[in-house]
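A short write-up of the structure that comes next.
Computed from a predicted model, the values in this text were never measured in an experiment. The sequence lines fix the lettering, A, B, ..., with proteins before strands; numbering per chain opens at 1.
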Amino acid sequence: MKPKVEAKECIVQGIIETQHVEALEVLLQGLCGVRKEKLKVHELLLKSGTNIGTSPSEVRLLCSLEQPDPSWTVSLIGGALKGAASEQVSALVRNREDSKVSSNALRFFYALGYKLDHELLRVGFAFHIQRAVRITVSVTSVQRIPKLHAIDEAVPVTPGLQLVEVSAPSTSDNYHEAVAAISAFSEFLSPLLHLSKPGVTTGVVSTASGAAGSLISRGISKLT
Amino acid sequence: MPVKRLYFWQPNAGVPLTKQMFVLLCKCIEEANASRESRVKANVVQYRPILKEENQRVDCVRDFLGISFEEQPDKHFFVIRANRLVVESDSNLPSILEKLQSYRKAIALAFEGVQYRFGDFQLKVFRVSQTETLKAVVMEVEYLPLSSLEKTRVLMDEFLELWQEMISLKSPPGHLFNIDPNFGEYRLSDEYSWQHTAVLYSNAMAQAMSN
């Protein structure tokens, strides 16, 4: 029997100092040729009840707050590619399935015995670019929410630093293509930040200040 | 979207429910000069929790329903009848639930039938089966010009009366009856939607399984 094609996500991450985010935006706008999309996402991580299911499970609810009507998505992030296959690729390849859902999704999962583990707010922007696959670059400030659902009181987890993620959807059939596209694209961002598989610490780029200064001045001269 | 209602076929006392009832009901509609349009299908699945030990106390619902309509291939609906909750999602949420391994599919009912057009009304007659066993015969009535439940209430009641008369003349042994769900309890508005339809079909599942 032919194995089932699974939805996957290829992803690399990095961090950038907030002072250089403007330069990154200039660079991304130049590379993508489109306007940025604002991001404001309330993310709720839910974990299964103790007595239910064959093994513990977790699922994310993402509520996009950028539009006047919030839109909800159920997101299942599964296991990552392991072993030799994983070592040969420069991005993390993991199972990911998203499904748009009505606004009562939280009530639904609570009824199924899921409990809120923690919630976060991600605020920033994203660019999309079509290469061999559709690449999304998001630059966000990750914020923790001190009181239940009090997103207006969210505070940055790492003040002064923002998270950059370059990702592309793929399948178990074609993830090599997506990884190659992400790697090629990440090269363009290397003057400002290091991108690597999530969990691999790379830190900030020492040459970022010089590169950022140059990008900003060129970006501004282009606009004027 | 246009308002729909769902009617159950109730055979007379002592008469067993057979596939012949479905055939007779279709025949009644065809003899009333309704035009046959297409075959139609819907599926209702009951999910139950995967418990580590039988009969243990758990802090979750004992069951919920997943509903899909052939006319809406990109959508899926879930109904928790105990909590009066209806959820609408993309068609792949069942695949996510399957991977979470908290609930499993316990019972699946297939609604298979024929669609007819009768003036401003669209009629669907379904035989409802669990594997090969017939569990119910139902008729869906859709009034195409209007989407307000309140504005169509009297008209739908009159339409049912008309059909009951026509059916009694053709003498299949039984009658149609309606279980009107309280959509307000599900926080659904007067403007009819696919979520209302999902609630109707979840009622149909409950009724079919009680037969």
Side-chain angles (χ1 to χ4, degrees), chain A residues 3-9 43-64 69-81 94-117 169-172, chain B residues 46-68 72-105 185-189 193-199 202:
Chain A
K4 203 176 159 190
V5 176
E6 285 190 317
K8 292 201 179 283
E9 174 190 53
E43 184 177 316
L44 302 103
L45 183 79
L46 306 173
K47 289 194 171 177
S48 60
T50 47
N51 290 325
I52 184 173
T54 47
S55 54
S57 61
E58 59 180 51
V59 66
R60 283 173 173 75
L61 283 185
L62 311 175
C63 178
S64 172
D69 285 329
S71 69
W72 289 79
T73 303
V74 178
S75 181
L76 179 68
I77 296 181
L81 200 64
R94 62 189 180 189
N95 293 333
R96 175 159 183 169
E97 208 165 340
D98 285 2
S99 183
K100 294 249 180 260
V101 68
S102 47
S103 59
N104 50 5
L106 185 58
R107 234 181 110 202
F108 177 66
F109 278 98
Y110 279 163
L112 268 50
Y114 281 77
K115 312 257 184 267
L116 180 67
D117 184 73
S170 70
T171 64
S172 44
Chain B
Q46 187 192 58
Y47 290 82
R48 289 199 190 138
I50 300 172
L51 302 176
K52 285 178 182 152
E53 290 162 37
E54 281 298 314
N55 303 321
Q56 69 182 29
R57 277 181 62 88
V58 282
D59 190 14
C60 63
V61 288
R62 285 277 163 197
D63 64 76
F64 67 91
L65 304 173
I67 301 151
S68 62
Q72 281 279 297
D74 299 334
K75 293 278 177 198
H76 205 89
F77 299 87
F78 295 94
V79 174
I80 305 181
R81 284 166 52 81
N83 296 23
R84 299 288 187 267
L85 183 69
V86 53
V87 172
E88 181 175 340
S89 75
D90 285 348
S91 60
N92 66 334
L93 192 50
S95 147
I96 292 180
L97 291 178
E98 197 181 317
K99 285 172 188 144
L100 288 173
Q101 286 283 302
S102 292
Y103 279 75
R104 63 182 170 82
K105 289 177 183 174
E185 288 179 355
Y186 284 86
R187 301 183 193 179
L188 295 175
S189 69
S193 71
W194 278 103
Q195 293 190 17
H196 291 75
T197 314
V199 172
S202 72

Spacing of [atom1] belonging to [X] relative to [atom2] belonging to [Y], to within rounding of 0.5 Å:
X        : Y        : atom1 : atom2 : value
B/Ser91  : A/Lys100 : OG    : NZ    : 13.5 Å
B/Tyr186 : A/Asn104 : OH    : CG    : 12.0 Å
B/Glu98  : A/Leu76  : CD    : CG    : 11.5 Å
B/Ser89  : A/Trp72  : OG    : CH2   : 15.0 Å

Of the non-hydrogen atoms in [X] and [Y], which two are nearest, and what is the gap between them?
X        : Y        : result
B/Ser102 : A/Ser57  : OG-OG, 3.6 Å
A/Ala111 : B/Tyr103 : O-OH, 4.1 Å
A/Ser99  : B/Asp90  : OG-CB, 3.3 Å
A/Ile52  : B/Pro49  : CD1-CB, 3.8 Å
B/Val86  : A/Ser102 : O-OG, 4.5 Å

Contact part of [X] toward chain A, heavy-atom cut-off under 4.5 Å: side chain, backbone, both or neither?
X        : value
B/Ile96  : both
B/Phe64  : side chain
B/Arg187 : side chain

**Q.** Residue among A/Asn95, A/Asp98, A/Thr73 with most heavy-atom pairs under 4.5 Å to chain B
**A.**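 Of the options given, most contacts go to A/Asp98.
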
Q. Checking A/Arg107 side chain against B/Val87 main chain: does a donor-acceptor pair fall under 3.5 Å?
A.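 Flag not set: sc A/Arg107 to bb B/Val87 has no pair under 3.5 Å.
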
Q. With a 4.5 Å limit on heavy-atom distance, are the side chains of B/Leu100 and A/Phe109 in contact?
A.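 Sidechains of A/Phe109 and B/Leu100: in contact.
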
**Q.** Heavy-atom pair count under 4.5 Å with chain A, highest-scoring of B/Leu93, B/Leu51, B/Asn92
**A.**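 Going by pairs under 4.5 Å, I would pick B/Asn92.
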
Q: In sequence, state the C-alpha distance, the side-chain angles, and the governing distance for A/Lys115 and B/Asp59, and then conclude on side chain to side chain contact (heavy atoms under 4.5 Å, CB included).
A: CA-CA 10 Å; A/Lys115 312 257 184 267; B/Asp59 190 14; 3.0 Å; yes

Q: With a 4.5 angstrom heavy-atom cut-off, could you sort out which part of A/Ser48 is near chain B: side chain, backbone, both or neither?
A: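 The side chain, not the backbone.
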
